[in-house]
Amino acid sequence: MRRLLINKIILTLSTISALIGLAFLAWILVTLFVKGLSSFHFSLFVNDLIDNGLRNLIIGQFILAGMASVIGIPLGMVAGIYIREYGQGRYANLIRNLSDIMMSAPSIVIGAFVYAIIVVPTGHTSGFAGSIALAIMMIPIVISTTDSMLSLVPKELREAGIALGASKYKVIFDIVIKSAKVGIMTGILLAFARIVGETAPLLFTSQTSNYFTLDLTHAFPSLSVSIYDLASDVQTSSRDLAWAASFILTVMVLVINLTGKFITRNKK
Amino acid sequence: MPVMNIKKFSFTYPGVSDPSLKNITLPIKKNKITALIGPSGCGKSTLLRSMNRIHDLYPGNKYEGKIDLLDFESGKYKNILDIKKENEFIKLRQQVGMIFQKPTPFPMSIFDNVAYGLKIDGIKNKSELSDRVEAALKGSALWSEVSDRLGKSAMGLSGGQQQRLCIARAVAVKPEVLLFDEPTSALDPISTAAIEELIVELRNDISIAIVTHNMQQASRISDYTAFMYLGDLVEYDKTENIFLNPKEKRTEDYITGRFG
(Lines give C-alpha, C1' and ligand atoms only; values in the text may rest on other atoms or scores of the structure.)
Protein backbone atom coordinates (compact mmCIF):
# COMPACT_ATOMS: atom_id res chain seq x y z
CA MET A 1 0.00 0.00 0.00
CA ARG A 2 2.65 2.45 1.12
CA ARG A 3 4.84 1.80 -1.92
CA LEU A 4 1.92 2.40 -4.25
CA LEU A 5 1.08 5.64 -2.48
CA ILE A 6 4.66 6.94 -2.68
CA ASN A 7 4.73 5.93 -6.33
CA LYS A 8 1.60 8.02 -6.98
CA ILE A 9 2.94 11.04 -5.09
CA ILE A 10 6.26 11.00 -6.97
CA LEU A 11 4.47 10.60 -10.30
CA THR A 12 2.13 13.52 -9.53
CA LEU A 13 4.95 15.76 -8.31
CA SER A 14 7.15 15.12 -11.32
CA THR A 15 4.25 15.61 -13.73
CA ILE A 16 3.36 18.94 -12.11
CA SER A 17 6.99 20.10 -12.20
CA ALA A 18 7.27 19.22 -15.86
CA LEU A 19 4.05 21.07 -16.59
CA ILE A 20 5.22 24.19 -14.75
CA GLY A 21 8.46 24.19 -16.72
CA LEU A 22 6.64 23.70 -20.02
CA ALA A 23 4.04 26.34 -19.12
CA PHE A 24 6.72 29.03 -18.84
CA LEU A 25 8.25 27.97 -22.13
CA ALA A 26 4.84 28.05 -23.79
CA TRP A 27 4.11 31.43 -22.23
CA ILE A 28 7.33 32.90 -23.63
CA LEU A 29 6.68 31.45 -27.07
CA VAL A 30 3.03 32.53 -27.15
CA THR A 31 3.86 36.10 -26.07
CA LEU A 32 6.66 36.23 -28.59
CA PHE A 33 4.47 34.94 -31.40
CA VAL A 34 1.48 37.18 -30.58
CA LYS A 35 3.51 40.38 -30.08
CA GLY A 36 6.00 39.51 -32.79
CA LEU A 37 3.44 38.60 -35.42
CA SER A 38 1.36 41.72 -34.75
CA SER A 39 4.33 43.92 -35.65
CA PHE A 40 5.68 41.58 -38.31
CA HIS A 41 5.64 42.68 -41.90
CA PHE A 42 7.53 41.43 -44.91
CA SER A 43 8.93 44.89 -45.51
CA LEU A 44 11.12 44.18 -42.48
CA PHE A 45 13.20 41.96 -44.75
CA VAL A 46 13.57 44.68 -47.37
CA ASN A 47 14.39 47.80 -45.36
CA ASP A 48 17.37 48.47 -43.13
CA LEU A 49 17.00 49.59 -39.54
CA ILE A 50 17.32 53.25 -40.52
CA ASP A 51 14.05 52.78 -42.48
CA ASN A 52 12.44 50.74 -39.70
CA GLY A 53 13.43 47.42 -41.28
CA LEU A 54 15.65 44.54 -40.10
CA ARG A 55 17.38 43.49 -43.30
CA ASN A 56 20.85 44.78 -42.41
CA LEU A 57 20.56 43.32 -38.89
CA ILE A 58 19.61 39.80 -40.03
CA ILE A 59 22.35 39.71 -42.65
CA GLY A 60 24.83 41.24 -40.19
CA GLN A 61 23.99 38.69 -37.49
CA PHE A 62 24.57 35.82 -39.91
CA ILE A 63 27.83 37.32 -41.15
CA LEU A 64 29.07 37.71 -37.54
CA ALA A 65 28.09 34.13 -36.68
CA GLY A 66 29.44 32.91 -40.03
CA MET A 67 32.82 34.54 -39.48
CA ALA A 68 32.88 33.13 -35.98
CA SER A 69 32.23 29.66 -37.45
CA VAL A 70 35.01 30.10 -39.99
CA ILE A 71 37.40 30.74 -37.09
CA GLY A 72 35.84 28.52 -34.44
CA ILE A 73 34.87 25.31 -36.25
CA PRO A 74 38.30 24.34 -37.64
CA LEU A 75 40.07 25.30 -34.42
CA GLY A 76 37.55 23.47 -32.24
CA MET A 77 37.47 20.37 -34.42
CA VAL A 78 41.22 20.02 -34.65
CA ALA A 79 41.55 20.58 -30.90
CA GLY A 80 38.81 17.97 -30.29
CA ILE A 81 40.62 15.50 -32.54
CA TYR A 82 43.83 16.20 -30.66
CA ILE A 83 42.47 15.53 -27.19
CA ARG A 84 40.58 12.38 -28.24
CA GLU A 85 42.99 10.79 -30.72
CA TYR A 86 46.48 12.08 -30.03
CA GLY A 87 46.59 13.60 -26.58
CA GLN A 88 47.47 11.33 -23.73
CA GLY A 89 47.13 11.66 -20.04
CA ARG A 90 47.30 14.89 -18.15
CA TYR A 91 47.91 17.40 -20.92
CA ALA A 92 44.86 16.32 -22.91
CA ASN A 93 42.79 16.20 -19.75
CA LEU A 94 43.93 19.68 -18.83
CA ILE A 95 42.76 21.02 -22.20
CA ARG A 96 39.48 19.10 -21.87
CA ASN A 97 38.81 20.56 -18.43
CA LEU A 98 39.80 24.08 -19.49
CA SER A 99 37.49 23.82 -22.47
CA ASP A 100 34.63 22.66 -20.21
CA ILE A 101 35.24 25.65 -17.93
CA MET A 102 35.32 27.94 -20.96
CA MET A 103 31.96 26.57 -22.03
CA SER A 104 30.36 27.81 -18.83
CA ALA A 105 32.19 31.16 -18.83
CA PRO A 106 29.61 33.99 -18.71
CA SER A 107 29.28 35.38 -22.23
CA ILE A 108 29.52 38.98 -20.99
CA VAL A 109 32.99 38.16 -19.64
CA ILE A 110 34.04 36.99 -23.09
CA GLY A 111 32.66 40.25 -24.48
CA ALA A 112 34.61 42.28 -21.93
CA PHE A 113 37.78 40.30 -22.70
CA VAL A 114 37.57 40.93 -26.44
CA TYR A 115 36.74 44.58 -25.71
CA ALA A 116 39.97 44.84 -23.73
CA ILE A 117 42.23 43.06 -26.22
CA ILE A 118 40.79 44.30 -29.54
CA VAL A 119 38.36 47.17 -29.18
CA VAL A 120 40.52 49.26 -26.84
CA PRO A 121 43.79 48.93 -28.85
CA THR A 122 42.06 49.57 -32.21
CA GLY A 123 40.06 52.43 -30.73
CA HIS A 124 36.63 51.43 -32.01
CA THR A 125 34.16 48.53 -32.17
CA SER A 126 34.30 46.31 -35.23
CA GLY A 127 32.69 43.29 -36.86
CA PHE A 128 35.95 41.41 -36.45
CA ALA A 129 35.93 41.92 -32.69
CA GLY A 130 32.34 40.63 -32.56
CA SER A 131 33.18 37.58 -34.66
CA ILE A 132 36.16 36.77 -32.47
CA ALA A 133 34.06 37.06 -29.32
CA LEU A 134 31.50 34.65 -30.83
CA ALA A 135 34.29 32.34 -32.00
CA ILE A 136 35.65 32.19 -28.43
CA MET A 137 32.18 31.13 -27.30
CA MET A 138 31.96 28.54 -30.04
CA ILE A 139 35.36 26.84 -29.74
CA PRO A 140 34.74 24.98 -26.47
CA ILE A 141 31.33 23.77 -27.68
CA VAL A 142 32.88 22.40 -30.87
CA ILE A 143 35.78 20.84 -28.92
CA SER A 144 33.40 19.10 -26.56
CA THR A 145 31.10 17.80 -29.34
CA THR A 146 33.99 16.57 -31.46
CA ASP A 147 35.59 14.92 -28.44
CA SER A 148 32.43 13.13 -27.33
CA MET A 149 31.38 12.08 -30.84
CA LEU A 150 34.83 10.63 -31.54
CA SER A 151 34.68 8.78 -28.24
CA LEU A 152 31.58 6.95 -29.50
CA VAL A 153 33.53 5.37 -32.37
CA PRO A 154 34.44 1.83 -31.26
CA LYS A 155 38.16 1.26 -30.77
CA GLU A 156 37.94 -1.89 -32.90
CA LEU A 157 37.30 0.31 -35.94
CA ARG A 158 40.56 2.18 -35.29
CA GLU A 159 42.38 -1.11 -34.73
CA ALA A 160 40.93 -2.54 -37.95
CA GLY A 161 42.32 0.44 -39.88
CA ILE A 162 45.72 0.12 -38.24
CA ALA A 163 45.68 -3.63 -38.89
CA LEU A 164 45.37 -2.96 -42.63
CA GLY A 165 48.56 -0.91 -42.55
CA ALA A 166 46.97 2.52 -42.43
CA SER A 167 48.83 5.19 -40.51
CA LYS A 168 47.17 6.87 -37.59
CA TYR A 169 46.21 10.09 -39.33
CA LYS A 170 44.70 8.11 -42.24
CA VAL A 171 42.62 6.05 -39.83
CA ILE A 172 41.42 9.22 -38.11
CA PHE A 173 40.52 11.07 -41.30
CA ASP A 174 39.26 8.19 -43.48
CA ILE A 175 37.47 6.09 -40.88
CA VAL A 176 36.98 7.64 -37.45
CA ILE A 177 35.77 11.09 -38.55
CA LYS A 178 33.61 9.54 -41.25
CA SER A 179 31.87 7.38 -38.68
CA ALA A 180 31.34 10.33 -36.37
CA LYS A 181 30.44 12.72 -39.20
CA VAL A 182 26.71 13.02 -38.53
CA GLY A 183 27.20 13.60 -34.82
CA ILE A 184 29.91 16.20 -35.35
CA MET A 185 27.83 18.02 -37.97
CA THR A 186 24.83 18.11 -35.66
CA GLY A 187 26.99 19.41 -32.84
CA ILE A 188 28.42 22.15 -35.03
CA LEU A 189 24.94 23.16 -36.15
CA LEU A 190 23.77 23.35 -32.53
CA ALA A 191 26.88 25.37 -31.64
CA PHE A 192 26.00 27.74 -34.47
CA ALA A 193 22.44 28.01 -33.19
CA ARG A 194 23.86 28.76 -29.76
CA ILE A 195 26.00 31.70 -30.91
CA VAL A 196 23.73 33.13 -33.57
CA GLY A 197 21.38 34.52 -30.93
CA GLU A 198 24.02 35.81 -28.51
CA THR A 199 23.94 39.43 -27.34
CA ALA A 200 26.42 39.85 -24.53
CA PRO A 201 29.64 39.02 -26.47
CA LEU A 202 28.60 41.53 -29.17
CA LEU A 203 27.41 44.32 -26.92
CA PHE A 204 30.72 46.14 -26.71
CA THR A 205 32.63 44.42 -29.49
CA SER A 206 30.66 44.76 -32.73
CA GLN A 207 27.88 46.90 -31.27
CA THR A 208 25.30 47.41 -33.99
CA SER A 209 24.61 49.70 -36.91
CA ASN A 210 21.52 51.23 -38.46
CA TYR A 211 22.94 50.85 -41.94
CA PHE A 212 23.74 47.97 -44.22
CA THR A 213 27.48 47.29 -44.30
CA LEU A 214 29.90 44.50 -45.13
CA ASP A 215 32.85 46.34 -43.63
CA LEU A 216 34.00 44.24 -40.71
CA THR A 217 36.48 46.85 -39.52
CA HIS A 218 33.75 49.10 -38.12
CA ALA A 219 30.63 48.79 -35.97
CA PHE A 220 28.60 46.00 -37.51
CA PRO A 221 24.79 45.48 -37.64
CA SER A 222 23.64 42.85 -35.16
CA LEU A 223 20.07 41.71 -34.68
CA SER A 224 20.49 40.70 -31.05
CA VAL A 225 22.24 43.93 -29.98
CA SER A 226 19.61 45.97 -31.81
CA ILE A 227 16.86 44.08 -29.98
CA TYR A 228 18.56 45.15 -26.75
CA ASP A 229 18.70 48.78 -27.92
CA LEU A 230 15.18 48.86 -29.36
CA ALA A 231 13.58 47.18 -26.37
CA SER A 232 14.87 49.88 -24.05
CA ASP A 233 13.78 52.69 -26.37
CA VAL A 234 11.06 55.09 -25.22
CA GLN A 235 9.15 54.95 -28.50
CA THR A 236 6.44 52.27 -28.80
CA SER A 237 7.26 51.77 -32.49
CA SER A 238 10.84 50.83 -31.56
CA ARG A 239 9.61 48.35 -28.96
CA ASP A 240 7.24 46.80 -31.51
CA LEU A 241 10.16 46.43 -33.89
CA ALA A 242 12.09 44.73 -31.07
CA TRP A 243 9.26 42.17 -30.72
CA ALA A 244 9.28 41.47 -34.42
CA ALA A 245 13.07 41.10 -34.34
CA SER A 246 12.90 38.76 -31.35
CA PHE A 247 10.30 36.69 -33.15
CA ILE A 248 12.47 36.40 -36.26
CA LEU A 249 15.59 35.55 -34.21
CA THR A 250 13.72 32.87 -32.25
CA VAL A 251 12.33 31.31 -35.41
CA MET A 252 15.81 31.24 -36.95
CA VAL A 253 17.36 29.57 -33.92
CA LEU A 254 14.44 27.14 -33.73
CA VAL A 255 14.82 26.17 -37.38
CA ILE A 256 18.57 25.56 -36.99
CA ASN A 257 17.97 23.48 -33.87
CA LEU A 258 15.24 21.43 -35.50
CA THR A 259 17.48 20.83 -38.52
CA GLY A 260 20.11 19.49 -36.14
CA LYS A 261 17.60 17.18 -34.48
CA PHE A 262 16.31 16.07 -37.87
CA ILE A 263 19.80 15.11 -39.07
CA THR A 264 20.40 13.04 -35.94
CA ARG A 265 17.09 11.24 -36.25
CA ASN A 266 17.69 10.29 -39.86
CA LYS A 267 21.04 8.81 -38.95
CA LYS A 268 21.00 5.06 -39.27
CA MET B 1 58.44 -24.54 -41.96
CA PRO B 2 56.95 -21.97 -39.61
CA VAL B 3 56.03 -18.58 -41.01
CA MET B 4 56.25 -17.15 -37.53
CA ASN B 5 58.39 -18.28 -34.62
CA ILE B 6 57.58 -17.02 -31.17
CA LYS B 7 60.54 -17.55 -28.87
CA LYS B 8 60.63 -17.07 -25.09
CA PHE B 9 58.11 -14.27 -25.49
CA SER B 10 56.86 -12.34 -22.47
CA PHE B 11 54.44 -9.44 -22.52
CA THR B 12 53.59 -6.91 -19.81
CA TYR B 13 50.78 -4.36 -20.03
CA PRO B 14 51.57 -0.82 -18.89
CA GLY B 15 51.08 -0.13 -15.19
CA VAL B 16 51.08 -3.83 -14.27
CA SER B 17 53.98 -5.47 -12.50
CA ASP B 18 53.36 -9.08 -13.54
CA PRO B 19 53.66 -10.16 -17.15
CA SER B 20 50.44 -11.28 -18.87
CA LEU B 21 52.37 -13.70 -21.04
CA LYS B 22 55.27 -15.71 -19.67
CA ASN B 23 57.99 -17.25 -21.74
CA ILE B 24 55.87 -18.41 -24.67
CA THR B 25 57.52 -20.46 -27.37
CA LEU B 26 55.26 -21.37 -30.26
CA PRO B 27 55.50 -21.74 -34.03
CA ILE B 28 52.82 -20.61 -36.50
CA LYS B 29 53.25 -23.11 -39.30
CA LYS B 30 52.95 -22.21 -42.93
CA ASN B 31 49.57 -22.89 -44.56
CA LYS B 32 48.20 -24.38 -41.36
CA ILE B 33 45.59 -23.19 -38.92
CA THR B 34 46.81 -22.76 -35.37
CA ALA B 35 44.11 -22.39 -32.73
CA LEU B 36 44.76 -20.66 -29.41
CA ILE B 37 42.40 -21.90 -26.72
CA GLY B 38 42.08 -21.38 -22.99
CA PRO B 39 39.79 -19.81 -20.40
CA SER B 40 39.11 -16.05 -20.32
CA GLY B 41 42.11 -14.03 -19.19
CA CYS B 42 44.64 -16.71 -20.12
CA GLY B 43 46.40 -14.35 -22.53
CA LYS B 44 45.44 -15.88 -25.86
CA SER B 45 44.13 -12.59 -27.29
CA THR B 46 47.14 -10.75 -25.85
CA LEU B 47 49.41 -13.19 -27.67
CA LEU B 48 47.47 -12.83 -30.92
CA ARG B 49 47.55 -9.05 -30.67
CA SER B 50 51.34 -9.18 -30.21
CA MET B 51 51.77 -10.93 -33.56
CA ASN B 52 51.02 -7.76 -35.53
CA ARG B 53 51.90 -5.45 -32.64
CA ILE B 54 48.45 -3.87 -32.64
CA HIS B 55 49.16 -3.40 -28.91
CA ASP B 56 51.38 -0.51 -29.91
CA LEU B 57 48.32 1.67 -30.50
CA TYR B 58 48.37 2.03 -26.74
CA PRO B 59 51.85 2.92 -25.53
CA GLY B 60 53.80 1.56 -22.57
CA ASN B 61 53.78 -2.18 -23.26
CA LYS B 62 56.85 -4.26 -22.49
CA TYR B 63 57.93 -6.98 -24.89
CA GLU B 64 60.61 -9.55 -24.11
CA GLY B 65 61.93 -12.41 -26.20
CA LYS B 66 61.49 -12.70 -29.96
CA ILE B 67 58.77 -13.02 -32.55
CA ASP B 68 60.42 -13.93 -35.83
CA LEU B 69 58.42 -13.42 -38.99
CA LEU B 70 59.47 -15.02 -42.27
CA ASP B 71 59.72 -12.43 -45.00
CA PHE B 72 58.57 -14.17 -48.19
CA GLU B 73 60.49 -11.81 -50.45
CA SER B 74 63.90 -12.20 -48.86
CA GLY B 75 63.28 -15.65 -47.35
CA LYS B 76 64.75 -14.43 -44.06
CA TYR B 77 63.33 -14.18 -40.56
CA LYS B 78 62.97 -10.79 -38.96
CA ASN B 79 62.18 -10.09 -35.30
CA ILE B 80 59.04 -7.96 -35.35
CA LEU B 81 59.70 -6.78 -31.79
CA ASP B 82 62.61 -4.72 -33.16
CA ILE B 83 60.27 -2.62 -35.29
CA LYS B 84 60.28 1.05 -34.39
CA LYS B 85 59.62 3.01 -37.59
CA GLU B 86 56.15 3.80 -38.91
CA ASN B 87 56.81 2.40 -42.40
CA GLU B 88 58.05 -0.88 -40.92
CA PHE B 89 54.86 -1.11 -38.87
CA ILE B 90 52.81 -0.56 -42.02
CA LYS B 91 54.71 -3.35 -43.76
CA LEU B 92 54.26 -5.66 -40.77
CA ARG B 93 50.51 -5.12 -40.77
CA GLN B 94 50.33 -5.74 -44.49
CA GLN B 95 52.12 -9.03 -43.90
CA VAL B 96 50.09 -9.95 -40.81
CA GLY B 97 46.40 -9.08 -41.15
CA MET B 98 43.76 -9.23 -38.44
CA ILE B 99 40.04 -10.00 -38.12
CA PHE B 100 38.21 -8.89 -35.00
CA GLN B 101 35.47 -10.29 -32.83
CA LYS B 102 32.88 -7.79 -34.00
CA PRO B 103 32.70 -7.05 -37.71
CA THR B 104 34.41 -3.72 -38.40
CA PRO B 105 33.16 -2.44 -41.76
CA PHE B 106 34.40 1.07 -42.52
CA PRO B 107 31.77 3.75 -43.15
CA MET B 108 32.18 3.64 -46.92
CA SER B 109 31.03 1.53 -49.86
CA ILE B 110 31.62 -2.22 -50.10
CA PHE B 111 34.11 -1.64 -52.91
CA ASP B 112 36.02 1.04 -51.00
CA ASN B 113 36.18 -1.18 -47.94
CA VAL B 114 37.98 -3.93 -49.83
CA ALA B 115 40.07 -1.44 -51.81
CA TYR B 116 41.16 0.43 -48.65
CA GLY B 117 44.23 -1.66 -47.88
CA LEU B 118 45.17 -1.82 -51.56
CA LYS B 119 45.08 1.96 -51.88
CA ILE B 120 47.32 2.25 -48.82
CA ASP B 121 49.66 -0.16 -50.57
CA GLY B 122 49.89 2.40 -53.36
CA ILE B 123 47.73 0.71 -56.01
CA LYS B 124 46.04 3.48 -57.99
CA ASN B 125 45.26 1.78 -61.31
CA LYS B 126 41.46 1.48 -61.47
CA SER B 127 41.28 -1.80 -63.37
CA GLU B 128 43.88 -3.43 -61.13
CA LEU B 129 41.93 -2.24 -58.08
CA SER B 130 38.65 -3.64 -59.33
CA ASP B 131 40.30 -6.93 -60.30
CA ARG B 132 41.86 -7.31 -56.86
CA VAL B 133 38.60 -6.35 -55.13
CA GLU B 134 36.66 -8.87 -57.20
CA ALA B 135 39.21 -11.59 -56.51
CA ALA B 136 39.15 -10.87 -52.77
CA LEU B 137 35.36 -10.89 -52.63
CA LYS B 138 35.23 -14.13 -54.63
CA GLY B 139 37.85 -15.61 -52.32
CA SER B 140 35.67 -14.69 -49.35
CA ALA B 141 32.52 -16.20 -50.88
CA LEU B 142 30.82 -12.82 -50.85
CA TRP B 143 30.99 -11.89 -54.53
CA SER B 144 27.67 -13.45 -55.58
CA GLU B 145 25.86 -11.63 -52.76
CA VAL B 146 27.31 -8.16 -53.30
CA SER B 147 28.44 -7.94 -56.94
CA ASP B 148 25.37 -5.88 -57.87
CA ARG B 149 25.77 -3.38 -55.04
CA LEU B 150 29.48 -2.71 -54.69
CA GLY B 151 28.83 1.02 -54.51
CA LYS B 152 26.38 0.71 -51.61
CA SER B 153 27.38 1.30 -48.01
CA ALA B 154 28.91 -1.68 -46.23
CA MET B 155 26.82 -0.86 -43.17
CA GLY B 156 23.75 -2.33 -44.90
CA LEU B 157 25.19 -5.87 -44.92
CA SER B 158 24.23 -8.49 -42.35
CA GLY B 159 26.63 -9.32 -39.51
CA GLY B 160 27.93 -12.46 -41.22
CA GLN B 161 28.35 -10.65 -44.53
CA GLN B 162 30.15 -7.80 -42.77
CA GLN B 163 32.57 -10.27 -41.21
CA ARG B 164 33.25 -11.90 -44.59
CA LEU B 165 33.75 -8.40 -46.01
CA CYS B 166 36.38 -7.77 -43.32
CA ILE B 167 38.07 -11.03 -44.29
CA ALA B 168 37.97 -10.01 -47.97
CA ARG B 169 39.46 -6.65 -47.00
CA ALA B 170 42.29 -8.36 -45.13
CA VAL B 171 42.85 -10.98 -47.84
CA ALA B 172 42.98 -8.35 -50.61
CA VAL B 173 46.41 -7.11 -49.50
CA LYS B 174 47.73 -10.71 -49.72
CA PRO B 175 49.07 -11.13 -46.18
CA GLU B 176 51.34 -14.00 -45.14
CA VAL B 177 49.50 -14.51 -41.87
CA LEU B 178 45.93 -13.75 -40.84
CA LEU B 179 45.05 -13.40 -37.17
CA PHE B 180 41.46 -14.13 -36.16
CA ASP B 181 40.35 -12.88 -32.75
CA GLU B 182 37.18 -14.87 -31.97
CA PRO B 183 35.80 -14.10 -35.42
CA THR B 184 32.48 -15.88 -35.00
CA SER B 185 31.52 -15.15 -31.41
CA ALA B 186 29.15 -12.36 -32.47
CA LEU B 187 27.55 -14.40 -35.27
CA ASP B 188 24.67 -16.87 -35.65
CA PRO B 189 25.40 -20.57 -36.38
CA ILE B 190 24.84 -20.32 -40.15
CA SER B 191 27.16 -17.34 -40.54
CA THR B 192 29.63 -19.11 -38.24
CA ALA B 193 29.64 -22.17 -40.50
CA ALA B 194 30.26 -19.96 -43.56
CA ILE B 195 33.18 -18.22 -41.86
CA GLU B 196 34.69 -21.50 -40.68
CA GLU B 197 34.48 -22.92 -44.19
CA LEU B 198 36.13 -19.78 -45.49
CA ILE B 199 38.98 -19.97 -42.97
CA VAL B 200 39.70 -23.58 -43.94
CA GLU B 201 39.82 -22.56 -47.60
CA LEU B 202 42.09 -19.59 -46.92
CA ARG B 203 44.66 -21.95 -45.46
CA ASN B 204 45.83 -22.80 -48.99
CA ASP B 205 47.23 -19.28 -49.42
CA ILE B 206 47.64 -17.90 -45.94
CA SER B 207 48.87 -19.14 -42.58
CA ILE B 208 46.27 -18.65 -39.88
CA ALA B 209 46.20 -18.13 -36.13
CA ILE B 210 42.79 -18.09 -34.50
CA VAL B 211 41.72 -17.36 -30.95
CA THR B 212 38.50 -19.11 -30.05
CA HIS B 213 36.39 -19.77 -27.00
CA ASN B 214 34.62 -22.51 -28.85
CA MET B 215 36.50 -25.79 -28.48
CA GLN B 216 34.38 -27.52 -31.11
CA GLN B 217 35.44 -24.80 -33.50
CA ALA B 218 39.11 -25.35 -32.68
CA SER B 219 38.76 -29.09 -33.19
CA ARG B 220 36.77 -28.66 -36.42
CA ILE B 221 39.05 -26.28 -38.28
CA SER B 222 42.54 -26.20 -36.80
CA ASP B 223 45.62 -28.27 -37.59
CA TYR B 224 47.52 -27.28 -34.47
CA THR B 225 46.21 -26.21 -31.10
CA ALA B 226 47.89 -24.32 -28.28
CA PHE B 227 46.29 -24.45 -24.85
CA MET B 228 47.07 -21.47 -22.67
CA TYR B 229 46.39 -20.91 -19.01
CA LEU B 230 47.17 -17.87 -16.83
CA GLY B 231 49.74 -16.49 -19.26
CA ASP B 232 51.54 -19.80 -19.77
CA LEU B 233 51.54 -21.96 -22.83
CA VAL B 234 50.56 -25.30 -21.28
CA GLU B 235 50.58 -27.50 -24.32
CA TYR B 236 51.02 -27.21 -28.07
CA ASP B 237 50.52 -30.10 -30.45
CA LYS B 238 48.57 -31.34 -33.42
CA THR B 239 44.90 -30.64 -32.81
CA GLU B 240 43.92 -34.33 -32.74
CA ASN B 241 46.53 -35.03 -30.08
CA ILE B 242 45.37 -32.12 -27.92
CA PHE B 243 41.76 -33.21 -28.09
CA LEU B 244 42.14 -37.01 -28.07
CA ASN B 245 45.32 -37.54 -26.18
CA PRO B 246 46.49 -34.52 -24.18
CA LYS B 247 49.71 -34.90 -22.27
CA GLU B 248 48.99 -32.34 -19.59
CA LYS B 249 46.38 -32.80 -16.89
CA ARG B 250 45.26 -29.15 -17.15
CA THR B 251 44.66 -29.47 -20.90
CA GLU B 252 42.55 -32.55 -20.34
CA ASP B 253 40.56 -30.86 -17.57
CA TYR B 254 39.88 -27.87 -19.80
CA ILE B 255 38.84 -29.69 -22.95
CA THR B 256 36.63 -32.09 -21.01
CA GLY B 257 34.91 -29.07 -19.48
CA ARG B 258 36.04 -29.58 -15.89
CA PHE B 259 36.98 -25.89 -15.64
CA GLY B 260 37.10 -22.77 -17.80
Side-chain angles (χ1 to χ4, degrees), chain A residues 77 80-96 145-189 262-268, chain B residues 14 48-49 51-60 85-109 112-122 153-156 162-163 165-167 169-173 175 177-181 186:
Chain A
M77 268 188 71
I81 291 168
Y82 170 77
I83 56 177
R84 174 58 52 187
E85 302 290 335
Y86 287 101
Q88 261 132 21
R90 290 167 66 180
Y91 186 55
N93 259 330
L94 179 74
I95 299 177
R96 187 175 289 133
T145 332
T146 311
D147 181 27
S148 60
M149 287 303 143
L150 292 180
S151 76
L152 294 179
V153 178
K155 73 176 200 309
E156 288 83 6
L157 211 54
R158 294 179 175 82
E159 292 180 354
I162 296 286
L164 275 175
S167 52
K168 190 162 177 173
Y169 90 90
K170 259 191 100 57
V171 171
I172 292 171
F173 284 94
D174 289 350
I175 301 167
V176 178
I177 291 183
K178 252 189 195 164
S179 325
K181 193 175 59 186
V182 177
I184 294 176
M185 264 166 45
T186 312
I188 286 173
L189 210 56
F262 183 74
I263 297 177
T264 339
R265 204 176 38 197
N266 277 2
K267 181 187 166 189
K268 260 207 288 195
Chain B
L48 196 79
R49 289 165 63 87
M51 296 184 199
N52 65 349
R53 291 194 59 187
I54 196 95
H55 282 302
D56 287 52
L57 260 182
Y58 318 99
K85 288 194 202 118
E86 178 85 12
N87 59 342
E88 290 176 314
F89 272 119
I90 289 173
K91 190 175 179 216
L92 167 66
R93 279 145 192 174
Q94 287 172 338
Q95 286 175 325
V96 185
M98 189 166 212
I99 308 295
F100 298 83
Q101 183 171 1
K102 274 196 215 134
T104 51
F106 297 150
M108 44 182 92
S109 72
D112 287 340
N113 257 281
V114 183
Y116 192 76
L118 298 170
K119 284 181 185 160
I120 288 169
D121 206 13
S153 167
M155 304 310 218
Q162 286 183 356
Q163 193 64 305
L165 179 73
C166 294
I167 295 174
R169 193 171 65 191
V171 168
V173 294
V177 184
L178 256 187
L179 310 171
F180 289 82
D181 194 354

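What's counted below: heavy atoms across the whole structure, side chains too, no hydrogens, waters or symmetry copies. Everything quoted here is computed from the prediction, not taken from an experiment. Proteins get letters first, then strands, A, B, ... in listed order; numbering begins at 1 in each.
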Measuring heavy-atom distances to chain A, does [X] have an atom under 4.5 Å in its side chain, in its backbone, in both, or in neither?
X	answer
B:Phe89	neither
B:Pro105	backbone
B:Arg49	side chain

Can you tell me which of [options] forms the most heavy-atom pairs within a distance under 4.5 Å of chain A?
options	value
B:Asp56, B:Leu92, B:Thr104	B:Thr104
B:Val96, B:Ile90, B:Val173, B:Ile99	B:Ile90
B:Leu57, B:Asn87, B:Leu179	B:Leu57

Look up atom [atom1] in [X] and atom [atom2] in [Y], then write down how far apart they are to the nearest 0.5 Å.
X	Y	atom1	atom2	answer
A:Ile162	B:Met98	CD1	CE	12.5 Å
B:Asp181	A:Glu156	CG	CD	9.5 Å
A:Leu164	B:Gln94	CG	CD	8.5 Å

Could you tell me whether [X] atom [atom1] has more than 12 heavy atoms of other residues or ligands within 6.0 Å of it?
X	atom1	value
B:Tyr58	OH	yes
A:Tyr91	OH	no
A:Lys168	NZ	yes

Identify the heavy atoms of [X] and [Y] that sit nearest to each other, and give their distance.
X	Y	result
B:Asn52	A:Ala163	ND2-CB, 4.1 Å
B:Tyr116	A:Asp174	OH-OD2, 2.9 Å
B:Glu86	A:Ser167	OE2-CB, 3.2 Å

Legend entry - Closest-packed option against chain B by number of heavy-atom pairs under 4.5 Å, given A:Lys181, A:Lys178, A:Glu159: A:Glu159
Legend entry - Structural part of A:Lys170 lying under 4.5 Å from a heavy atom of chain B: both
